[in-house]
Structure formats: C-alpha cells, structure tokens
Amino acid sequence: MCARDELNPLHRDLTSTRAQFPNLVGQDPVGSHEASETDAFFKAAISLVPEVPKMINIDGKMRPSEAFLLEFLCNFFSTLLVIPDHPEQGVLFLVRGLLNVIQDYTWEDNSDDKVRIYANVLHLLSAMNQETYIYHVDKVESNDTLYGGDTKFLAEISKLCETVIAQILEHLKSLGKEETLKRQSQLALYFFNSILAHGDLRNNKLNQLAVNLWNLAQKHGFADTKTMVKTLDYIKRQSKHPELHHFTELALRLPLQSRT
C-alpha cells in the first residue's frame, strides 16, 4: 500500500468533507446554517492545496506529489458539481477560489499537470452548463435546480470557460521551443479531445479552436499518426448520429498530415 503520510492534511480534510457532506446538507430544505458549514468544509479543502509538499514518501521512496494532487482535484471537481452556491458568496464562488489556488500554486517546470487540471475544470463547467446535472445527492438542491438555466448563471460559466481556455492556450504557446514541441503536440491533442467530449462544437468559435488544436498537434511532426487516424475515424462515426451531424463538417476540416 502506498504511504501518503505527507499528504495526510489534504487527504484527511477531503475524507472529512465527503463523510460529513451528506449530514450537513441532508436536511430538506437546506438552511443557511447548514449551507455555511458545507461551504466552510469545501473552502478548507481548497485552502490546503498550497500546503501539499512537492515530494512525498511512497514505499520508502520520495516521489513528486503532483500526480496525487491531480487525482485529488479531479475527484474534488466531481463533488463540486452537486454543491449549490452559497447565497451570500455569489455564483461559482468555490470554483473561482479553486482556480485562484491552482493559478498561484508553484508547478514543476517540466510538468503539464496544471493544464490537465484546467481541462478538468472545463469538464466541470460543461457539466454545470447542462439543464439537468448528470447526478445529484439526495435532498440537495444543486445549481441546476437553483438557477434552472438562468441566462446570467450561464453567462458566468461562459466567462469562466473563456478565462480557463486562455490559460491553457498561454501554456501551449510557452511550449513552442524546440525542446518542448513534443509536449506541445501531446497537450494540444489532449485539449482537442477534451473539447470533442465536453464542448458544443456547433459553436463556431469553439469549432475553430478545435481545428487549430488539431493542426497544432501535427505541426512539428510529433503526432502519433495511428492516434490521429483513429480519432478522425471516431469523429466520422459519431457524425452519423442525428444529434452530432455537425461532426460531418468538422471532420472535413481536420486534415491528416503525412510525415515526410
């Protein structure tokens, strides 16, 4: 079993939050006191992120902690989907707080985990943008119930998405040096697949971004040809579904560049 002693504060807080969340919000309706307690638990978990040590002891060996932090945050995002906004804190307060922590955290120079986390934030925001969320907690009114597709709420999600996308693109741009072009290619395809899975590609701006990422992934000859072919074949197959017919046009805009 992996030893995670140095991550105990973070792990303990998350475990405590998960264990007590149903008790805190399992009353119907949720009162302001319970909402405040729930909010405090999640803010506490977020505040612990900067305290995660860079190296942790695993089976007697020191290892970088970023992989564990990435796992924690991805699980945390899944939980945040069902957490209703606190009425006194404003829309998406916890998500914004977490983004600030991620932005200020000192990441390893040769790591792209920050961008992978940003991509998972976009997955969360995409789920929050749905009229009905894909899962709920019993007796908890999540934001889909509270806002019911309110245009202001959706506009806030859209603005936050634009901010996160800008951060991802800035990181991709920073990988334009010769020694990091392979990372840039891999990350561009990773982000392309995120958009493909979670974005509405009927949006012209997002559609163009996907095309640009596809081309960037292949630009310097580091893309895996088999992966690109399989991805394009998948898009073509999906385009046969009536609700994804717009994938037909997208596929025509995604060239496969042969290596010479």
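As the structure is a prediction and not an experimental result, all values here were calculated from the model.
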With rounding to the nearest 0.5 Å, note down the distance linking [atom1] in [X] to [atom2] in [Y].
X: F191; Y: L169; atom1: CZ; atom2: CG; result: 5.5 Å
X: Q208; Y: L213; atom1: CD; atom2: CG; result: 10.0 Å
X: S65; Y: K54; atom1: OG; atom2: NZ; result: 6.5 Å
X: S126; Y: N120; atom1: OG; atom2: CG; result: 12.0 Å
X: L80; Y: L92; atom1: CG; atom2: CG; result: 10.0 Å
X: Q238; Y: L244; atom1: CD; atom2: CG; result: 6.0 Å

So with a 6.0 Å cut-off around [atom1] of [X], is the heavy-atom count from everything else above 12?
X: H220; atom1: NE2; result: yes
X: K114; atom1: NZ; result: yes
X: E131; atom1: CD; result: no
X: E178; atom1: CD; result: no

Salt bridge (charged side-chain N to carboxylate O under 4.0 Å, His left out) between D200 and R202, worked out: CA-CA 5 Å; D200 183 358; R202 292 168 297 186; 2.9 Å; yes
Taking side chain as C-beta onward, heavy atoms only, is [X] less than 4.5 Å from [Y]?
X: R183; Y: T180; answer: yes
X: I83; Y: S142; answer: no
X: Q167; Y: V115; answer: no
X: D112; Y: L175; answer: yes
X: V91; Y: K152; answer: no
X: L122; Y: S194; answer: no
X: V49; Y: F72; answer: yes
X: V82; Y: N143; answer: no

Shortest non-hydrogen contact from [X] to [Y]?
X: I102; Y: W107; answer: O-NE1, 3.0 Å
X: L201; Y: A210; answer: CD2-CB, 4.0 Å
X: P255; Y: W214; answer: O-NE1, 2.7 Å
X: A223; Y: S185; answer: N-OG, 3.6 Å
X: P84; Y: E141; answer: CB-O, 3.1 Å
X: L69; Y: V52; answer: CD1-CG2, 4.1 Å

NZ or CZ of K240 within 45° of Y234 ring axis and under 6.0 Å: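 Pair K240/Y234 does not count as cation-pi.
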Is the backbone of [Y] close enough, under 3.5 Å, to the side chain of [X] for a donor and an acceptor to pair up by distance?
X: S174; Y: H171; answer: yes
X: N193; Y: L189; answer: yes
X: S111; Y: E108; answer: no
X: Y118; Y: I165; answer: no

Ion pair K159/E162, N-O distance below 4.0 Å: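 Salt bridge flag = no for E162 with K159.
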Full working for side chain to side chain contact (heavy atoms under 4.5 Å, CB included) between L254 and N215: CA-CA 8 Å; L254 301 177; N215 291 331; 6.0 Å; no
Test of ring centre spacing under 6.0 Å for F42 and F76: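 Yes, the ring of F42 comes within the 6.0 Å limit of the ring of F76, centre to centre.
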Donor-acceptor side-chain pairing of H246 and N207 below 3.5 angstrom: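 Looking only at side-chain atoms, N207 and H246 do not form any donor-acceptor pair under 3.5 Å.
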Stepwise side chain to side chain contact (heavy atoms under 4.5 Å, CB included) test for K43 and Q89: CA-CA 12 Å; K43 285 193 289 186; Q89 297 288 358; 3.5 Å; yes
D85, I157, L154 screened by side-chain contact (heavy atoms from CB on, under 4.5 Å) with Y147, the one that passes: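 With Y147 as partner, D85, I157, L154 yield a single side-chain contact (heavy atoms from CB on, under 4.5 Å), made by D85.
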Working for side chain to side chain contact (heavy atoms under 4.5 Å, CB included), residues M128 and Y133: CA-CA 7 Å; M128 285 183 164; Y133 292 172; 3.8 Å; yes
Y105/E66 under side chain to side chain donor-acceptor pair (under 3.5 Å): CA gap, chis, key distance, verdict: CA-CA 11 Å; Y105 188 81; E66 282 193 7; 5.7 Å; no
